[in-house]
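Quick notes on the structure that follows.
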Amino acid sequence: MSIARAAEILRAGGLVVFPTETVYGLGADAANPHAVARIYEAKGRPQFNPLIAHVPGLAEAETHAELPENARKLAAAFWPGPFTIVARRRAESSVAELACAGLATIALRAPSHPMARELLAAFGGPIVAPSANRSGHVSATTAQHAAKDLGGRVDLVLDGGPCEIGLESTIVAVADDGGVTLLRPGAISRAEIEALVGPIESAHSGAIQAPGMMESHYAPRAQLRLDADEARPGEAYLSFGAAPPIGGETLSATGDLVEAAANLYAALRALDATGAAVIAVAPIPGEGLGEAIRDRLSRAAAPR
Ligand code: TXA
Ligand code: MG
């Protein structure tokens with residue numbers, strides 16, 4: 001019922017917040033430039049950052065992008081799931097150029113969350129969706145967070161419960177020659193990607209950058225102090241591998257990286273709400289999902 005209504009709202013050029021397994025998305029009809037413009041307005045984005053177009057799967061993705069063999073291999077392995085592929089955009093793609101920020105490339109993802117898949121099926125076309133947060137705020141991982149952040153700026157919020165993963169998707173760029181670059185770490189780890197396509201480069205060392213990956217993109221209001229073994233006076237503490245200290249939070253008491261990723265944004269919001277000027281964060285190991293968690297934390301800690 002509400003899925004059908006959500007699809008109708010999208011067809012009419014409206015905005016629908018919907019759950020994915022990574023974070024909530026702020027969705028619009030990808031083919032409607034006016035609807036896409038409303039996304040930027042609702043987010044209060046300083047620039048027209050390119051958006052991810054959500055599709056049911058590989059067949060639909062191929063109508064929007066030229067997918068080299070490596071891209072098809074990765075899609076076959078990781079779709080539907082927390083994985084986004086940037087590749088050369090086809091001229092005949094229905095996705096509005098505004099959504100691609102005028103780039104020659106397009107970002108595509110097939111999400112696995114059942115409600116996202118039902119919405120894609122009911123709507124019948126690609127849905128562009130950035131994370132459902134105001135620009136500069138951390139991504140929303142519950143419908144309540146999204147509604148609080150975007151409130152009256154959207155037409156409907158679909159509630160699919162808390163996001164299972166809690167971190168934005170892994171983004172890779174696949175060049176025409178098949179070369180793969182990691183633009184944003186996420187739940188699909190570097191090792192899983194390299195097992196399929198061989199050694200990959202990280203965007204931080206190369207020329208390609210996801211335009212929306214400004215250092216301070218994922219920032220809470222408080223300053224962050226990373227790799228902190230304990231809180232200094234006046235600081236709020238975010239622990240890992242230990243119980244939360246009094247007045248603090250834990251990413252995972254047992255040191256579980258999957259649980260830590262799922263808790264990250266809610267924990268940052270909660271500690272931000274205490275009014276502390278500084279959030280001290282326990283050391284997080286850099287392997288597997290830890291690479292993505294450390295990436296988001298170092299962005300949130302960047303001076304702004
Ligand atoms: O998990 C996710 O990916 C969530 C859910 C809703 O799908 N979406 C998300 O969207 O995180 P957003 O807009 O917050 O981040 C998308 C990132 C931005 O950093 C943007 O610059 C990059 O993808 N991006 C999009 N199109 C691109 C392109 N053609 N080339 C390089 N980077 C691109
Ligand atoms: Mg975002």
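Just so you know, ligand 1 is whichever comes first in the structure, and atom 1 is the first atom listed for that ligand.
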Report task. Say whether Ser169 and Thr22, considering side chains only, have a donor N or O and an acceptor N or O under 3.5 Å apart. Result -> no

Query raised in the report: Would you say Thr105 has any N or O atom under 3.5 Å from an N or O of ligand 1, going by distance alone?
Result: yes

Report task. Taking Asp149 for its side chain and Arg134 for its backbone only, find out whether a donor-acceptor pair lies under 3.5 Å. Result -> yes

Requested in this report: Could you tell me which atoms of ligand 1, counted from 1 in the order shown, lie closer than 4.0 angstrom to a heavy atom of Ile52?
Outcome: 3 (O), 8 (N), 9 (C), 10 (O), 16 (C)

**Report entry** Nitrogen or oxygen of Thr20 less than 3.5 angstrom from that of ligand 1
**Finding:** no

Query raised in the report: If you count the atoms of ligand 1 from 1 in the order shown, which ones are under 4.0 Å from a heavy atom of Ile171?
Result: 17 (C), 23 (O)

Query raised in the report: Which of these, Lys43, Glu21, Arg109, Arg88, has its nearest heavy atom closest to atom 5 (C) of ligand 1?
Result: Arg109

Query raised in the report: What residues, two or more places apart in sequence or in another chain, satisfy salt bridge (Lys or Arg N to Asp or Glu O under 4.0 Å) together with Glu164?
Result: none

Requested in this report: Below 4.0 angstrom from a heavy atom of His54, which ligand 1 atoms are there? Numbered from 1 as shown, please.
Outcome: 5 (C), 6 (C), 7 (O)

Query raised in the report: Does the side chain of Tyr24 come under 3.5 Å of the side chain of Gln144 through a donor N or O and an acceptor N or O?
Result: no

**Report entry** Atom indices of ligand 1, in the order listed, that fall short of 4.0 Å to a heavy atom of Ser131
**Finding:** 8 (N), 9 (C), 10 (O), 12 (P), 14 (O)

Report task. Measure the acute angle between the ring planes of His54 and Phe18, then classify it against the limits of 30° and 60° as parallel, tilted or perpendicular. Result -> perpendicular

**Report entry** 2.8 Å cut-off met by an N, O or S atom of Ser131 to the Mg ion (ligand 2)
**Finding:** yes

Query - Nearest neighbour of atom 3 (O) of ligand 1 from the list Gly186, Ser169, Ala173, Pro82, on a heavy-atom basis - result: Ser169

Report summary line: For Arg184, the atoms of ligand 1 under 4.0 Å from one of its heavy atoms are 2 (C), 3 (O), 9 (C), 11 (O), 15 (O), 16 (C), 17 (C)

Query raised in the report: Does at least one non-hydrogen atom of Asn49 fall below 4.0 angstrom from an atom of ligand 1?
Result: no

Query raised in the report: Do side-chain atoms of Arg109 reach the backbone of Thr170 as a donor and acceptor pair under 3.5 angstrom?
Result: no

Query raised in the report: Considering residues at least two apart in sequence or located in another chain, which fulfil the side chain to side chain donor-acceptor pair (under 3.5 Å) criterion with His113?
Result: none

**Report entry** From Val86, Thr181, Leu183 - option closest to atom 28 (C) of ligand 1 by heavy atom
**Finding:** Val86

Report summary line: On a heavy-atom basis, the closest approach of Pro56 and Ala110 is O-CB, 3.5 Å

